[in-house]
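Computed from a prediction, not measured in an experiment: that's the story for all the values here. Residue numbers count from 1 along this sequence.
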Amino acid sequence: MRRLKPRRRGLGAVLAASLALLPVVTTPAPATALPVVASQLDALPFRNPDLPVEQRVADLLGRLTLDEKLSLLHQSQAAIPRLDIPYFKAGTEALHGVAWSNDIDDGWKQVLADRATVFPQAVGLASTWDPALVRRVGSAVGDEARAYNTLNPRQWGLQVWAPVVNLLRDPRWGRNEEGYSEDPLLTSEIATAYGKGLSGDDPTYLKTAPVLKHFYAYNNETNRSASSSNLRQQLRHEYEYAAFRPAIEAGAATGVMASYNKVNGRPTHVDRALNEDVRSWTDETLYNMSDAWGPHAVTQAQHFYDDETVAYAHVLKAGLDAFVVDDSNSKPMIATLKDALARGLITEADVDRAVTHALTIRCRLGHFDPDGGPYAGASPDVLDSPAHRRLNRKTAEEALVLLRNDDDLLPLDPKQTTKVAVVGPLADSLFSDWYGGKLPYEVTPLDGIRERLGKDAVVTSVEGLDRVALRDTTTGRYLSATGTTSADRVVGTEGEPGEAAQWDVNEWMADVATLRNAGNGRYLTGNFGPFNTSATIPTGWYVQQQFRFEEQPDGTVLLQYIGYETNEPWWWIPGHYVTVAPDGTVGTGTKEQAARFDREVLRDGAAEAAAAAAEADAVVAVVGSNPFVYGREVHDRASTALGGSQQDLLEAVQQANPRAAVVLESSYPVTMDVDPGALLWTTHAGSETGNAVAATLFGDSNPSGRLTQTWYRSDADLPEDVFDYDIVKTGQTYLYFEGEPGYPFGHGLSYTDFRYSDLRVDSKRVGQDGRITVTVDVTNTGSRAGAEVVQLYSHQRTSRATQPLQELEDFRRVTLAPGRTVTVRFRVNADQLAHWDVTRERWVVERSTYDLMVGSSAEDIRQTTAVDVAGEVIPPRNLALETVAENFDDYDGALLVPTTKERGTSVAAGDRQAWVKFAASGLDRPTGFTASVAKATQGAGTLEVRLDSPTGPLLATAPVSTGGEYDYTEVSVDTLLDDVSGLRDVYLVLSPGVRVATFSLS
């Protein structure tokens, strides 16, 4: 495997990328809507599988009317009976198994897959560090998608919206579970493997058509449709593009989906990078998608264009080929695009180009073949088949990460384990997630342990939740359930608290809790004001089962309702606390109106779990997150801390039995104050979770998973602003984090030990076009067979730019019997060591010494060597040439904004002064300063040029007059200092509201 950073493309590839932007030329005469005789259909070129795809598509395009073409630009593409073209729905969710789709025949209702294999969440798939295995998983998911398509082709489409390759920059992101890693190389390797599996092995036909989500710089949910990711050039290429590009280059994806956010102030849905960058990465035809509602967001949320016709025109011209809007109704989109044609905003050639992309993928899916192509007619027997169950179990086992194992507490000896306590809120539960299907069967950790130990062992289970009664101190009434339907309102009742007034409380993460009624087993649920107990599990778009206890100085508690809808701009109740009226009516009100509850503990869950632990030979505490609670799509987290009640349980259990093993199930890195002696982490790993956990706890499976993210020690290690995408300046991810992590990137223990020795390279000096062969011997020095993930990192010692502390270059997963040695060989092309040179806007391999380090994590480096690479020396900046302002080296307070609506990026100051730095600039007595500037706010401003620091010697001051954010003018002034020459750091200092696109000193 290789990084695929600065691939040099041949002339043919460059021409193909250029031609992709030109109008499609078709030879058939203008089409009419006349039907074709059925007996003649198979004679038409587009129906002939023996012809090249391009020829078939061109023939079909020429037979379509304008209205038919426009209909093909929608997610829900109506059938064209006269040409025997069936209905096509783009987009079936298949992130870690076939999950859900929308049913055109039932009001576009979301239909959950209930027979599909639910594999571990995406972050768990990546935790295997096993691309070959992940490719098998992708292939199984592709087979099951084909099977569902056989059952109902109108409901289950073959374009699948997976994988997600957004980098896991910040673990507070609500969709952390959907991505793979904070590292672009690992992300791209796993994405390529999964995409290849989904696509199939046929050189022409596609099993399914995977789409990479979400392009790009998308790692926050809060205000996601209006927020802008400030992304400087270096990170655009080295970090963001590096995750997307390899899968596209490898043919593992058939397109990208635009993200909801803006990047540098421009909505991704109208970002020309979709055409000009993404399509330059491959010679294959790509079919790019909008995200759901995304084209509407350009006007309705982002207010980038005021006119939706104009917005839709730019969406199309930017390189999106499918509008995912208005559910199954394509008529509004067709009308809008017709308006764009009538107004000359787009041409029919623009339409033809996008339709060609859509038809090409449909042709490769077999839609125009008389027999449906080689993947048609997949049998439903593959759904949840025995083979897929075995694959699922293997994947769940490989995804498990042993984070800690003091005194070799694990594995447990099954022969000496006759009495086991399995405690905790996840001991006998499994969860799917928003992008997972319904589990066709469930093996919980409790189930798996019981099955593994057999009938002779006594396995007890304690959930460990506090059971409480909540008495309103003003009325004396208890919060009580009255039934299980949405009409059965929770009320305040008088008298002693029966089961209907008792609640099992679980603080999942941080202080976000659910309350399950002891009388009916249902969850306290918000209902846009009143409350009920209708929900069997926390679920739904708004997840109305979330609450927070607020302790008061007098010992009472307030109960705050925090269902996701309370974050919506239309939510009308400030504070949204539970209230109790004198007559017992329960409602929602402000904090001042909130009921003050005495929290009467009827059962101490932690004490109950501790009692069970004290009497057991072995203890397994299973704790963690619920994928629907405290963070999910549209909702970020403020903390990564394990919930307080769960931490209390762990502390009590460990005091009762210090050799308790903890199994942590979560969708993201977790912090806790408790230090378990043995800590085994798994993502929510699907139906086979319990079998995988049991096999690992009792040593049948040797853990081999590795972390794909840095697990920070506390929230204090994370930047204050989740919107800050500059990982270089914030010190995020293992690439730039200088603190001590809780658990480092790449970390994972084994039940055996591995020794690294004799690291060597074939040459200590190579040219910038050369190759380095790195070899290391790895020996299993323990008594068990096991798998080790050998990781190769690099570090560039000297550079003009800030370089990562270490950067993953390659990895190998090797399995060794006890005493065996394997020689692991890495081949590193020197151009893999390139970084983005902002001074010349291209990749560069710098002349430097590069450390090459191998080990079992980013922190556990076992062997190090170094090579000298005879690369380039980046010359001093020549500011006499027109310099793009966004190509700075450092900045403070600067925002990146669009230069024009369509193209370019400028530097801007917001509501305070900002500066940008251009380091090591070669100055030769400049006498004049010229800049292209604008000002977004009223009043006059200035653009200063200073030397050596933002407050250093003033070289020039240019006035910037009031205009508009896109009204750029050129200003020229004389410099103020004489005889300025040599290498100097040049700073542009912008007063509030000032924008600069380009400048020069001459």
Give a yes-or-no answer on whether the side chains of [X] and [Y] include a donor-acceptor pair shorter than 3.5 Å.
X	Y	answer
H684	S666	no
E442	S687	no
S139	K207	yes
Y216	D271	yes
Y87	S76	yes
S667	Q121	yes
T444	D428	yes
R362	Q159	no
Y542	Q545	no
T268	K262	no
E144	H388	yes
D67	T65	no
D291	H269	no
R135	Y194	no
S227	N220	yes
D339	T309	yes
H296	D326	yes

Distance-only, no hydrogens or angles: does the [X] side chain make a donor-acceptor pair with backbone N or O of [Y] under 3.5 Å?
X	Y	result
D369	G372	no
S625	P627	no
T525	Y523	yes
R548	I562	no
Q302	A226	no
D321	H357	no
N288	G319	yes
S290	V324	yes
Q546	Y630	yes
D636	G174	yes

Practice task
Mind checking side-chain contact (heavy atoms from CB on, under 4.5 Å) for T150 and listing every partner two or more places apart, or none if nothing turns up?
Solution key: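 With neighbours one apart ignored, the set is A378.
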Problem - A481: partners by side-chain contact (heavy atoms from CB on, under 4.5 Å), with sequence neighbours left out - result: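 In terms of side-chain contact (heavy atoms from CB on, under 4.5 Å), with neighbours along the sequence ignored, A481 is linked to W503, N517, N520, T533.
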Exercise for the section: Might you work through the side chain to side chain donor-acceptor pair (under 3.5 Å) test for K438 and S432, ending with a clear yes or no? Expected result: CA-CA 7 Å; K438 181 180 179 181; S432 189; over 6 Å; no
Exercise for the section: Kindly write out the residues that satisfy ring pair (Phe, Tyr, Trp, His ring centres under 6.0 Å) with H314, not counting sequence neighbours, or none if the list is empty. Expected result: Y305
Problem - Partners passing ring pair (Phe, Tyr, Trp, His ring centres under 6.0 Å) against F215 (at least two apart in sequence or in another chain) - result: Y241, F244
Handout entry: Residue pairs, two or more places apart or on separate chains, that pass salt bridge (Lys or Arg N to Asp or Glu O under 4.0 Å) and touch residues 529-544
Key = none
Practice task
Show the numbers, then the answer: is there a salt bridge (Lys or Arg N to Asp or Glu O under 4.0 Å) between R146 and D143?
Solution key: CA-CA 5 Å; R146 276 282 176 176; D143 290 340; over 6 Å; no
Problem - With R154, the salt bridge (charged side-chain N to carboxylate O under 4.0 Å, His left out) member among D103, D105, D106 - result: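 So, applying the salt bridge (charged side-chain N to carboxylate O under 4.0 Å, His left out) to R154 and each of D103, D105, D106, only D105 qualifies.
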Handout entry: Face-on cation placement of R47 at F368 ring, 6.0 Å and 45° thresholds
Key = no
Problem - Y441 six-ring centre to R389 NZ/CZ under 6.0 Å and within 45° of normal - result: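 Verdict for Y441: a cation-pi partner in R389.
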Exercise for the section: For the pair D307 and T299, evaluate side chain to side chain contact (heavy atoms under 4.5 Å, CB included) and give the outcome as yes or no after the intermediate values. Expected result: CA-CA 7 Å; D307 182 332; T299 54; over 6 Å; no
Identify the heavy atoms of [X] and [Y] that sit nearest to each other, and give their distance.
X	Y	answer
G436	A99	C-CB, 3.7 Å
I346	L341	O-CD2, 3.6 Å
A113	V98	CB-O, 3.3 Å
G124	A399	O-CB, 3.2 Å

Practice task
Tell me, with the steps shown, if N166 and W173 meet side chain to side chain contact (heavy atoms under 4.5 Å, CB included).
Solution key: CA-CA 11 Å; N166 297 117; W173 185 34; 3.7 Å; yes
Salt bridge check, [Y] against [X]: does any charged N sit closer than 4.0 Å to a carboxylate O?
X	Y	result
D504	R516	yes
E178	R632	no
E688	R390	no

Handout entry: Step-by-step ring pair (Phe, Tyr, Trp, His ring centres under 6.0 Å) determination, Y564 to H635
Key = CA-CA 8 Å; Y564 288 145; H635 303 282; 3.7 Å; yes
Practice task
I would like to know whether W293 and Y260 meet ring pair (Phe, Tyr, Trp, His ring centres under 6.0 Å); could you show each step before the answer?
Solution key: CA-CA 9 Å; W293 187 75; Y260 281 117; 7.2 Å; no
Practice task
Go through the steps for Q155 and K109 under the test side chain to side chain contact (heavy atoms under 4.5 Å, CB included), then give the verdict.
Solution key: CA-CA 10 Å; Q155 180 176 300; K109 182 177 72 176; over 6 Å; no
Problem - Pairs satisfying ring pair (Phe, Tyr, Trp, His ring centres under 6.0 Å), at least one member in residues 138-167, at least two apart - result: Y148-W156
Exercise for the section: State yes or no: are the ring centers of H96 and Y435 separated by less than 6.0 Å? Expected result: no
Exercise for the section: Before giving the answer on side chain to side chain contact (heavy atoms under 4.5 Å, CB included), spell out for R172 and Y668 the whole-Å C-alpha distance, their side-chain angles and the decisive distance to 0.1 Å. Expected result: CA-CA 8 Å; R172 293 170 296 189; Y668 49 90; over 6 Å; no
Handout entry: Stepwise ring pair (Phe, Tyr, Trp, His ring centres under 6.0 Å) check, Y312 with F323
Key = CA-CA 9 Å; Y312 273 36; F323 288 74; 4.9 Å; yes
